[in-house]
Amino acid sequence: MSARRLLAVTRKEVLQLRRDPRSLLLAFLLPMALILLFGYAISFDVDNIALGVLDHDRTQQSAKLIEAFESSGYFQIKRTLEQSNQVESLLDRGAVRAVLVIPPGFTKDLLSPRPAFLQMLLDGADANTATIAQNYADGIVAGFSARAHLRGTVVRPRIAAESRVWYNQTLESVNMIVPGLVAVIMAIIAAMLTALTIAREWERGTMEQLAATPVGRTEVIIGKLLPYIAIGVFDVALAVVAGIVIFDVPLRGNVFLLAGFTLLFLIGALSFGIFISAALKSQVLATQAAMISTYLPSLLLSGFMFSIASMPLVLRAVTYAVPARYYIVITRGIFLKDVGVDVLWIEGLSLIVFAAVGLALATHMFKKEIA
């Protein structure tokens, strides 16, 4: 391999990039735009749940309970009901997501040895919101019960469970989403960028000139990869800075370790794009193939949005072939947990295999011969 020929191919690819505004837009503006769009749009946090209240008791204790729901920040009281027949209409129209029903005699039961009952009616059409709302309500009621003063003493449960959350103490979904977004977006952008390279040579008629040179196949592939690796590293660095500055996501781990894993991931993703480009020889087809083969797997089968453990066995097996699965574990581990190679070595080894296979496929598929 000649360094001179390698740099010549790299320089040629840089010149082609400079003359292609679409590629520059895709390389520099789209990743940041997607980080901002998805970072603000995707959230697994549920708050301001529209709540209706039907208070049959109308006592000081029931008023305090309603205040506890409202002051929690999770619920927003939208309706105060007078009769039970109003409940179904509100839930049907989606005017509220839940209705808290306080039965008559609630305070009397609360001040007696027998249990006091409440009813929470939930709109189960959105099962995720309903489940979260139920958990919020259980926590608020448990806290209210623990603070309630009965006969001059504070009632406390016989067993008090104290939970502590590690790594993401505030349980904000943005802290989990943004590191995962880096992996998903770069998997898509990297493959789409290099999906244009070889196909562009064929469509512009410059493949004949390239075939006439003494440059080897490996030199062509690596030479074309180098500019995009630099662009990919820049995009990831920009995304990391945006996550820290704009979304306030903590970066607790080693930046250089993240950079090393990122380099492996980019080499594999970019090589996969060149493989598609060399196989299809059409910029339109290569772009579409790169989008289809990276977007859906990275979004749905990487563990970014849905837990891999809850997937069917067949899909769980497929996820092992999705490189974003490993890179997401790495980004979340380094961002939130400050873990190192001793924890992430399996994911690192997987990315090495991914990079090697990607380079091998791209080199094998690229042919200098003109058919």
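Keep in mind that the numbers below use all heavy atoms, side chains included, and drop hydrogens, waters and symmetry copies.
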Are the side chains of [X] and [Y] in touch, meaning some heavy atoms are under 4.5 Å apart?
{"X": "V184", "Y": "I328", "value": "yes"}
{"X": "F106", "Y": "L65", "value": "yes"}
{"X": "L361", "Y": "S271", "value": "no"}
{"X": "I231", "Y": "L17", "value": "yes"}
{"X": "D338", "Y": "Y167", "value": "no"}

Strictly distance-based, threshold 3.5 Å: is any side-chain N or O of [X] a donor or acceptor partner for the main-chain N or O of [Y]?
{"X": "N168", "Y": "E172", "value": "yes"}
{"X": "T80", "Y": "V53", "value": "no"}
{"X": "S62", "Y": "T59", "value": "yes"}
{"X": "R332", "Y": "M176", "value": "yes"}
{"X": "S277", "Y": "A195", "value": "yes"}
{"X": "S89", "Y": "Q86", "value": "no"}

Identify the heavy atoms of [X] and [Y] that sit nearest to each other, and give their distance.
{"X": "G180", "Y": "T331", "value": "N-OG1, 4.2 Å"}
{"X": "V174", "Y": "G39", "value": "CG2-O, 4.4 Å"}
{"X": "V96", "Y": "G52", "value": "CG1-N, 3.8 Å"}
{"X": "P250", "Y": "N175", "value": "CD-OD1, 3.7 Å"}
{"X": "T194", "Y": "A269", "value": "OG1-O, 4.4 Å"}
{"X": "L51", "Y": "L100", "value": "CD1-N, 3.9 Å"}

Should the pair Y74 and Y136 be assigned to parallel (<30°), tilted (30 to 60°) or perpendicular (>60°) ring geometry?
parallel
Roughly how far, to the nearest 0.5 Å, is [atom2] of [Y] from [atom1] of [X]?
{"X": "L285", "Y": "I276", "atom1": "CG", "atom2": "CD1", "value": "11.0 Å"}
{"X": "Y320", "Y": "I308", "atom1": "OH", "atom2": "CD1", "value": "8.0 Å"}
{"X": "D109", "Y": "Q61", "atom1": "CG", "atom2": "CD", "value": "12.5 Å"}
{"X": "K224", "Y": "L270", "atom1": "NZ", "atom2": "CG", "value": "13.0 Å"}
{"X": "Q134", "Y": "I49", "atom1": "CD", "atom2": "CD1", "value": "11.0 Å"}
{"X": "R217", "Y": "I221", "atom1": "CZ", "atom2": "CD1", "value": "8.5 Å"}

Look at atom [atom1] of [X] and say whether more than 12 heavy atoms of other residues, nucleotides or ligands are closer to it than 6.0 Å.
{"X": "R18", "atom1": "CZ", "result": "no"}
{"X": "N48", "atom1": "CG", "result": "yes"}
{"X": "F247", "atom1": "CZ", "result": "yes"}
{"X": "R316", "atom1": "CZ", "result": "yes"}
{"X": "E67", "atom1": "CD", "result": "no"}

Hydrophobic cluster identity match, [X] and [Y], side-chain contacts under 4.5 Å:
{"X": "F272", "Y": "I222", "result": "no"}
{"X": "V233", "Y": "L30", "result": "yes"}
{"X": "L121", "Y": "L118", "result": "no"}
{"X": "L344", "Y": "V236", "result": "yes"}
{"X": "M305", "Y": "L336", "result": "yes"}

Decide if the gap between the ring center of F28 and the ring center of F234 is smaller than 6.0 angstrom.
yes
List for me each residue that meets salt bridge (Lys or Arg N to Asp or Glu O under 4.0 Å) alongside R252, sequence neighbours excluded, and say none if there are none.
none
